Amino acid sequence: MKMNNFRSMLAVAAFGFLSVAASAQVKEDFKPCTSNQDGKQYPMVNSDRVVRAQYLAPDAKSVKFDIGGVKYELVKDENGLWTGETAPQDEGFHYYQINVDGISVPDPNSLYFYGASRWGSGIEIPAADEDFYQVKNVPHGETSEVYYYSTVSGTVRHCFIYTPAEYRTNTTKKYPVLYLQHGMGENEYGWAQQGRTGIIMDNLIAAGKAEPFIIVMDNGLANLGQQPRPQGQRPQGAPQAAPQGQRPQGGPRLNSAGAFGDCLIKDIIPMVEANYRVIADSEHRAMAGLSMGGMQTRAITLANPTTFSWVGMFSGGVISPEDVAGAAGFKENVKHVFMSYGSREIERPRNGSDPRTSADDLKKIGMNATFYVSPETAHEWQSWRRSLYQFAQILFK
């Protein structure tokens, strides 16, 4: 016990020394994050992707900046203002929160995003390739909030629908549709906000790199067939959302592909095809998703092998030749299977199985398939933004 205490003291001392040393070497080229609320200077990020945070809490005994499940201690000055820096962060978007005396709260400086099963703070870390999701002077489409009645749930549900810029002016043209799903702990706001879907598509279409098509972003955590729960209350027995960068743990099938698949096939697709100018056949219908949404995509497209001709799974599993053999019509109907992961997700393949071989396996049985690896990212939004950017350039061509 004494030796353990001594080792702990050494570790704390070493950590303190490293923190001071690191702080002394931090580049002082910090800029306010683009994800801050208007006029808010903090959090800031520098060219090394180090985040500097501030939080005013004069009576607090401890304040930490919690990003990706890693907590960084902030230091209080004489005015009760806590300040500190993180280690360099991955490029792209991350959820974070402030931990005050053991209680996690949103940062009032940040815009709010729905993720990790809550509305909370998010931070945008500049990326070398961020140009593809930056707002530009190009024709812009519309992302609309849409309410519709679901016969499966017996409730009015909510989704976002992106239409390309030309949809407003080219009033006789019909368009393909991508049904795009979020991950565990997120909802229909994920792709519309964190994913930058509309901006990515506007830039691709303007550059002539993607065909114009409609994107439907619905809530895959449907909780179908259950009564609405009080705001902020998790469904009984629902799994806790994994921190960004980690895979979700198991739990009850509130997000089951069966329940959401019924809603998609019986309610969402008919609603879209009745109210939008779409080409209503499988050749012009695609489905994709990230993480849980990728798993749903895999299950739903295999269960409905002649409904979708384009399939995308981002950090959400793969489709094997054995899967194809068990889904009559899938091989003949599906024009392309796209699978992707962040590089850090597949550095240590599980059970010795490397998902990167999956595209080659499908090619061997005569299917078109792509496997994309997002460089230097994990189970996070930058992996999925890049995946959509790549997948959209393949779709409907």
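The structure presented is a predicted model; accordingly, all values stated were derived computationally and were not measured.
A distance of 14.5 Å separates SG in Cys33 from NZ in Lys40, rounded to the nearest 0.5 Å. From Thr301, atom OG1 reaches atom CE of Met287 across 7.0 Å, with rounding to the nearest 0.5 Å. Annotation: the span from Leu388 atom CG to Leu180 atom CG amounts to 6.0 Å, rounded to 0.5 Å. One finds the SG atom of Cys159 at 10.0 Å from the CG atom of Asn219 (value rounded to the nearest 0.5 Å). To the nearest 0.5 angstrom, Ser121 atom OG is 8.5 Å from Asn109 atom CG. Atom CE of Met295 sits about 10.0 Å away from atom CG of Leu290, to the nearest 0.5 Å.
With hydrogens and angles ignored, the 3.5 Å screen pairs no side-chain donor or acceptor of His336 with any backbone N or O of Val334. Judged by distance alone, the side chain of Asp107 and the main-chain N or O of Ile98 form no donor-acceptor pair under 3.5 Å. Put simply, the side chain of Arg277 gets close to the backbone of Thr171: a donor and an acceptor are under 3.5 Å apart. Without hydrogens or angle criteria, Asn304 side chain to Thr307 main chain gives no donor-acceptor distance under 3.5 Å. The backbone N or O of Ala378 sits less than 3.5 Å from a side-chain atom of Glu380, completing a donor-acceptor pair. Counting only distance, with no hydrogens or angles, the side chain of Arg386 and the backbone of Pro375 share a donor-acceptor pair below 3.5 Å. Distance alone, capped at 3.5 Å, is enough to place a donor-acceptor pair between the Asn99 side chain and the Gly102 backbone. Although no hydrogens or angles enter the test, the distance criterion places a donor-acceptor pair under 3.5 Å between the side chain of Asp267 and the main chain of Thr151. Looking only at distances, no side-chain donor or acceptor of Gln89 sits under 3.5 Å from a matching main-chain atom of Val51.
Around the NZ atom of Lys173, the shell of radius 6.0 Å holds more than 12 heavy atoms that belong to other residues, nucleotides or ligands. A 6.0 Å sphere centred on CD of Gln134 holds more than 12 heavy atoms belonging to other residues, nucleotides or ligands. Within a 6.0 Å radius of NZ in Lys76, other residues, nucleotides and ligands contribute more than 12 heavy atoms.
By the 4.5 Å heavy-atom criterion applied to side chains, Arg52 and Pro43 are not counted as neighbours. Between Val146 and Met271 there is a side-chain heavy-atom pair separated by less than 4.5 Å. Proximity of Trp310 to His284: side-chain heavy atoms (C-beta onward) are nowhere separated by under 4.5 Å. Using a 4.5 Å heavy-atom cutoff, the side chains of Leu111 and Asn36 are not in contact. Between Tyr133 and Thr197, every side-chain heavy-atom pair lies at or beyond the 4.5 Å cut-off. For the pair Asp281 and Ile279, the minimum side-chain heavy-atom distance is below 4.5 Å. In this structure, Glu91 and Glu376 have side chains that are not in contact, with every pair of non-hydrogen atoms separated by 4.5 Å or more. Taking 4.5 Å as the limit, every side-chain heavy atom of Ser383 sits out of range of all side-chain heavy atoms of Tyr341.
Within the structure, every pair that satisfies the ring-ring contact (aromatic ring centres under 6.0 Å, His included) test and touches residues 42-88, not counting sequence neighbours, is listed here: Phe65-Tyr96. Within the structure, ring-ring contact (aromatic ring centres under 6.0 Å, His included) pairs that include any residue of residues 177-206 comprise Trp119-Tyr189, His158-Tyr189, Phe160-Tyr189, Trp191-Trp381 (at least two apart or interchain).
Shown here are the side-chain contact (heavy atoms from CB on, under 4.5 Å) partners of Gln97, two or more places apart in sequence or in another chain: Asp66, Ser104, Arg118. With sequence neighbours excluded, the residues satisfying side-chain contact (heavy atoms from CB on, under 4.5 Å) with Pro321 are Asp361, Leu362, Ile365. In this structure Tyr149 satisfies the side-chain hydrogen bond (donor to acceptor under 3.5 Å, both in side chains) test with no other residue, sequence neighbours excluded.
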Please lay out, stage by stage, how Ile214 and Val278 fare under the test side chain to side chain contact (heavy atoms under 4.5 Å, CB included).
CA-CA 8 Å; Ile214 293 170; Val278 304; 3.8 Å; yes
Check the pair Phe338, Met313 against side chain to side chain contact (heavy atoms under 4.5 Å, CB included), reporting the backbone distance first and the verdict last.
CA-CA 6 Å; Phe338 179 96; Met313 293 167 291; over 6 Å; no
Apply side-chain hydrogen bond (donor to acceptor under 3.5 Å, both in side chains) to the pair Gln194 and Tyr95, showing each step before the final yes or no.
CA-CA 10 Å; Gln194 295 94 291; Tyr95 301 113; 2.8 Å; yes
Salt bridge (Lys or Arg N to Asp or Glu O under 4.0 Å), that's the test. Do Glu124 and Arg196 meet it? Break it down for me.
CA-CA 12 Å; Glu124 192 71 47; Arg196 302 285 188 95; 3.8 Å; yes
Tell me, with the steps shown, if Glu142 and Thr163 meet side-chain hydrogen bond (donor to acceptor under 3.5 Å, both in side chains).
CA-CA 5 Å; Glu142 296 178 353; Thr163 51; 4.5 Å; no
Before you tell me yes or no, could you show the steps for Asn170 and Thr172 under side chain to side chain contact (heavy atoms under 4.5 Å, CB included), namely the whole-Å CA-CA distance, both residues' side-chain angles and the distance that decides it to 0.1 Å?
CA-CA 6 Å; Asn170 195 348; Thr172 60; 3.7 Å; yes
Pair Asp323-Arg298, salt bridge (Lys or Arg N to Asp or Glu O under 4.0 Å): steps then yes or no
CA-CA 9 Å; Asp323 295 326; Arg298 177 184 179 278; 2.9 Å; yes
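Between Asp90 and Arg344 there is a salt bridge, since at least one side-chain N of the basic residue sits less than 4.0 Å from a carboxylate O of the acidic one. For Glu211 and Lys397, the salt-bridge test fails: no basic side-chain N is under 4.0 Å from an acidic carboxylate O. A salt bridge links Lys27 to Asp48: one of the charged nitrogens lies within less than 4.0 Å of a carboxylate oxygen. In summary, Asp202 and Lys136 do not engage in a salt bridge, as defined by a charged side-chain N under 4.0 Å from a carboxylate O. Here Lys174 does not pair with Glu273 in a salt bridge; the nearest charged N to carboxylate O distance is not below 4.0 Å.
A continuous path of Ile, Leu, Val, Met, Phe, Trp and Tyr side chains, each step under 4.5 Å between heavy atoms, connects Ile269 with Val177, placing both in one hydrophobic cluster. No single ILVMFWY cluster, assembled from side-chain heavy atoms under 4.5 Å apart, contains both Ile161 and Val156. Under the 4.5 Å side-chain heavy-atom criterion for ILVMFWY residues, a single connected hydrophobic cluster contains both Leu395 and Ile205. Phe132 and Phe314 end up in the same hydrophobic cluster when Ile, Leu, Val, Met, Phe, Trp and Tyr side chains are linked at under 4.5 Å.
Defined by atom type and a distance below 3.5 Å, a donor-acceptor pair is missing between the side-chain atoms of Ser150 and Arg157. Side-chain N/O atoms of Glu345 and Ser315 include a donor and acceptor closer than 3.5 Å. Side-chain contact of Thr306 with Asn333: a donor-acceptor pair under 3.5 Å is absent, judged by distance alone.
Leu81 forms part of a hydrophobic cluster together with Leu56, judged by ILVMFWY side-chain heavy-atom separations under 4.5 Å.
Screening Tyr167, Phe396, Phe213, Tyr276 for a ring-ring contact (aromatic ring centres under 6.0 Å, His included) involving Tyr175 leaves a single residue, Tyr167.
For Tyr389 and Phe391, the distance between ring centers is not under 6.0 angstrom.
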